[in-house]
Structure formats: C-alpha cells, structure tokens
Amino acid sequence: MEALLDQLSGDRIIEAVKQSGVRTVLTVPDRMTEAGLLKPISADPDFRQIRVCKEDEALGISAGLSYSGQRALLLFQYTGLLDSLNAVRAIAAEYSMPICMMVGLHGKEPGVLPAESKHYAIRIIEPILDVMGISRHLIETDGDVAKICPAIVSAYETSTPVAMLIGRSPVAP
Amino acid sequence: MMKRDEMLKVLAGKIAGDPIVVAAYSTAFDWIAIRPSPLNYISSGAMGMTSSHALGFALAWPDRKVILLDGDGSLLMNLGSLVTIAEAAPKNLIHCVAENGVYEANGSHAIPGRNTVSFAGMAQNAGYASTHEFSDLAAFDQQVGDVLDREGPVFATLKCERGETYPKDYGLMHGPEIREEFAKAVKDF
C-alpha cells in the first residue's frame with residue numbers, strides 16, 4: 001500500500017500503454033520522464049518510436065495514423081504542450097481527433113496537486129486543458145496507473161483527445 | 001515560373017492509381033477542384049501541420065503512395081518536419097512544396113527568405129532520398145513522372161505563381177464532412 005501512495009513505476013505505465021493498444025510513441029525528451037519512460041520505450045521492440053523535432057508535429061502524425069486505426073501516444077513535457085496549443089486547439093479539440101498526450105509536469109512537487117504547485121507553469125496546465133475541453137488525468141502514483149488504459153481506449157472509441165499528466169518522475173524499470 | 005493551376009493539372013495527369021494527396025491552403029483549394037477525390041485530405045487544422053499529417057498517412061499505409069502538396073509558408077512553420085520525415089524515411093512519400101514566395105491566403109505578403117532560401121537544399125541536407133526543383137512547366141511535364149516513381153522520401157520544389165484560382169471554402173476545409181468522407185474512403189485499406 002505504501003508503494004501505491006508514494007511511488008510511480010515506469011514499467012507499470014508502459015504495461016498500461018501496451019494494454020491500450022498503443023504501438024507508436026511520438027517523443028520529445030523530458031527530463032522528468034526520460035529515465036522511467038522514454039529510455040525503456042526506446043528499447044522496447046513492441047513500440048515504434050518516432051522522434052519529432054517539435055511537439056506539434058506529433059499531433060499531425062498521430063492524427064494521420066489514427067485514420068488507419070493505429071493507436072499512438074505522445075510523450076513530452078508540459079512546455080511542449082504549451083508550445084503546441086494551436087495544434088491542440090485545431091486537431092485535437094476542434095477536429096475531435098483521438099490524440100493521447102502523456103505530459104511530464106517537470107518541476108511539480110511530488111504529492112502536491114498541480115493547482116497548488118509553487119510553479120506558475122505547473123499551476124496553469126490543468127486550467128488550460130479544462131478551458132479547451134480536453135479530458136485530463138493526473139498520474140501521480142502507482143494507484144493512478146489504472147486510469148491510463150481506459151483513458152486511451154476511450155479516446156479512440158469516442159475520437160476525443162486526452163491528457164495524462166505525469167505528476168512525479170517515474171521510477172525506471 | 002509555372003502557373004500553379006497549370007502545374008497541378010500536369011501533376012494530376014501523371015498520377016497513377018489512387019494515392020492519398022495531402023494539400024495545404026491555396027494549393028488545396030486548387031487541387032480539389034482540379035482532381036476531386038475522397039482521398040484528398042485538406043484538413044490539417046493548424047498551419048504547418050500538413051507535412052506531419054502526410055507522414056502519419058505514409059506510415060499508416062506504407063504500400064499506398066502519399067503525395068504532399070505543401071506550401072512554402074506552411075513548411076517554414078514546420079521546418080523540423082523535414083528532419084522527422086527524413087529520419088522516418090517513408091518510401092511512399094512524395095513531398096512537394098508549391099513555392100510562390102508569399103503568404104497568399106493572408107494578403108500575399110512575402111515569406112521570410114523569399115528568393116534566397118532553398119527548400120530542396122534543406123530537404124537534401126535533412127536526408128531525403130532525392131530532391132528536385134522545377135520552375136518550367138515543360139520540364140516539369142517531362143520529368144514529374146520519374147519523380148513520382150522514385151523511392152521516397154522524395155522532395156520537389158515547384159516554383160509557381162498564382163494562376164486561375166478556385167473557390168476557397170474554409171468551411172469545407174475545417175468542417176467534419178470532408179474528413180468523414182476521407183475516413184470512409186480509407187476504411188478498407
């Protein structure tokens with residue numbers, strides 16, 4: 001029980017992503033998630049990794065893939081989300097595409113809600129997603145990992161975007 | 001310098017089979033009038049995203065040709081996609097840029113680097129399999145068939161100016177109907 005409260009395991013997240021049917025991961029490195037998620041995903045033959053130069057590219061690529069039924073996960077830092085807001089607005093929100101974003105909240109204090117972070121950049125993420133009408137889930141501990149697979153499956157079944165906010169650095173497998 | 005509509009008519013005449021054609025803004029409106037098809041995709045949403053959508057389609061259906069009709073202003077907003085596409089290296093992707101040197105949909109103001117930047121040069125240095133540049137319609141007519149047959153990712157700069165233009169229906173571009181029609185057309189790929 002203790003582990004569920006204060007730990008976030010990278011391998012559990014990766015397993016949940018696999019269960020959702022995602023086989024393509026579009027990435028820009030994020031210091032918070034690189035060891036626990038990006039590095040093992042990069043080495044995992046079950047995934048096709050596509051390195052993008054800038055985060056908004058990932059929205060276009062994922063949208064294109066979605067027409068074939070191929071599920072993709074976008075993995076980047078909240079700064080990339082902020083930089084991509086026009087693509088999020090158009091492709092994810094207005095076009096209602098199944099864009100699944102896993103967003104590292106680098107700098108968020110573990111155990112502190114994003115809204116209560118001392119960092120302005122962290123505090124504004126959830127309100128921005130809310131005003132854009134984008135479903136969000138905070139993934140802070142192993143107990144939250146169970147949200148991931150249903151969130152991605154639902155995104156594709158309903159053709160709607162979703163953001164999974166990684167609230168602490170996942171432990172490397 | 002080629003007239004864009006004349007260049008697109010030549011291209012349409014050289015296309016074999018049923019490729020997916022992803023097109024940006026002014027070129028998109030011309031293209032869907034010149035070669036209507038449910039496999040035309042013009043809903044890139046945000047400027048610059050055309051090339052990224054095309055990469056997604058090319059990776060989704062590696063046995064289906066994907067022709068991307070990008071704009072110079074659009075590509076400038078997503079230059080990194082040249083590197084991403086080159087690394088992903090889809091053999092079925094033909095990336096064309098209609099280079100008119102202006103933001104035509106926004107008052108025809110000049111793009112940065114007009115008359116100095118080389119899009120084909122950037123694509124070559126990014127690692128595209130082959131790059132080409134056309135400004136003469138007769139030469140384009142003669143060589144475009146070979147360009148389309150090459151293994152991708154192929155890049156072609158198409159230097160052009162506005163010719164006859166066609167209705168610009170942004171409601172169609174961003175509305176759901178054209179995407180639904182596309183989704184229906186690719187359902188059984």
Side-chain angles (χ1 to χ4, degrees), chain A residues 21-29 42 47-76 80-101 132 134 156-161, chain B residues 20 22 24 38-39 41-64 66 68 70 74-75 77-90 93 122 126 170-171 173-189:
Chain A
V22 165
R23 291 296 177 269
T24 300
V25 186
L26 302 137
T27 64
V28 175
S42 300
F47 291 115
R48 169 175 60 185
Q49 182 192 9
I50 300 173
R51 290 188 288 261
V52 296
C53 300
K54 199 157 163 288
E55 292 83 353
D56 56 356
E57 289 180 62
L59 280 102
I61 297 167
S62 180
L65 285 168
S66 73
Y67 282 96
S68 70
Q70 295 184 40
R71 295 182 178 184
L73 179 74
L74 285 55
L75 178 62
F76 45 61
L81 173 69
L82 293 173
D83 198 41
S84 304
L85 284 184
N86 190 43
V88 174
R89 181 273 309 168
I91 299 168
E94 291 188 340
Y95 287 2
S96 193
M97 300 295 289
I99 304 297
C100 299
M101 298 173 281
M132 295 180 85
I134 293 173
Y156 277 91
E157 287 181 350
T158 61
S159 196
T160 52
Chain B
I20 292 170
V22 190
L39 294 178
Y41 193 85
I42 63 170
S43 304
S44 297
M47 193 166 177
M49 288 294 99
T50 317
S51 52
S52 298
H53 279 81
L55 176 57
F57 294 140
L59 294 173
W61 296 289
D63 296 325
R64 173 82 46 172
V66 176
L68 162 58
D70 215 345
S74 290
L75 182 55
M77 286 203 181
N78 195 0
L79 272 179
S81 68
L82 289 175
V83 178
T84 305
I85 289 171
E87 176 167 275
L93 180 62
M122 289 194 285
Y170 287 97
M173 175 175 279
H174 296 301
E177 292 81 8
I178 199 165
R179 293 193 299 281
E180 290 167 1
E181 187 181 5
F182 177 83
K184 191 177 174 184
V186 301
K187 194 166 185 275
D188 296 324
F189 278 8

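Below, chains carry the letters A, B, ... as their sequence lines are ordered, and counting in each starts from 1.
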Atom [atom1] of [X] and atom [atom2] of [Y]: how far apart are they, to the nearest 0.5 Å?
| X | Y | atom1 | atom2 | value |
| --- | --- | --- | --- | --- |
| Ile61(A) | Phe57(B) | CD1 | CZ | 11.5 Å |
| Glu57(A) | Asn78(B) | CD | CG | 4.5 Å |
| Leu55(B) | Leu65(A) | CG | CG | 7.5 Å |

> Quick one: are Leu59(B) and Thr24(A) in side-chain contact, heavy atoms under 4.5 Å?
Replying inline: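 Side chain of Leu59(B) against side chain of Thr24(A), heavy atoms only: no contact under 4.5 Å found.
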
Is it the backbone or the side chain of [X] that comes under 4.5 Å from a heavy atom of chain A, or both, or neither?
| X | result |
| --- | --- |
| Ser43(B) | both |
| Ala183(B) | both |
| Ser44(B) | backbone |
| Phe189(B) | neither |

> Taking atom CZ of Arg48(A) as the centre, does the number of heavy atoms from other residues, nucleotides or ligands within less than 6.0 Å exceed 12?
Replying inline: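 Atom CZ in Arg48(A) is packed in, count exceeds 12.
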
Minimal non-hydrogen separation, [X] against [Y], with atom names:
| X | Y | value |
| --- | --- | --- |
| Gly80(B) | Cys53(A) | O-SG, 3.2 Å |
| Gly64(A) | Ala60(B) | O-CB, 4.4 Å |
| Thr84(B) | Val52(A) | OG1-CA, 3.7 Å |
| Asn86(A) | Ala46(B) | ND2-CB, 3.6 Å |
| Met49(B) | Asp56(A) | SD-O, 3.1 Å |

>> Looking at chain A, which one of Met47(B), Arg179(B), Lys187(B) has the largest number of heavy-atom pairs inside 4.5 Å, strictly under?
In response: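 Option with the greatest count: Arg179(B).
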
> What's the verdict on side chain to side chain contact (heavy atoms under 4.5 Å, CB included) for Glu94(A) and His174(B), showing C-alpha distance, side-chain angles and the deciding distance?
Replying inline: CA-CA 9 Å; Glu94(A) 291 188 340; His174(B) 296 301; over 6 Å; no

> With distance as the sole test, does Tyr95(A) use its side chain to make a donor-acceptor pair with the main-chain N or O of Gly45(B) at under 3.5 Å?
Replying inline: yes

> Side chain, backbone, both or neither: which part of Ile91(A) has a heavy atom under 4.5 Å from chain B?
Replying inline: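 Looking at Ile91(A), just its side chain touches chain B.
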
> For Gln70(A), is it the side chain, the backbone, both, or neither that has a heavy atom closer than 4.5 Å to a heavy atom of chain B?
Replying inline: side chain

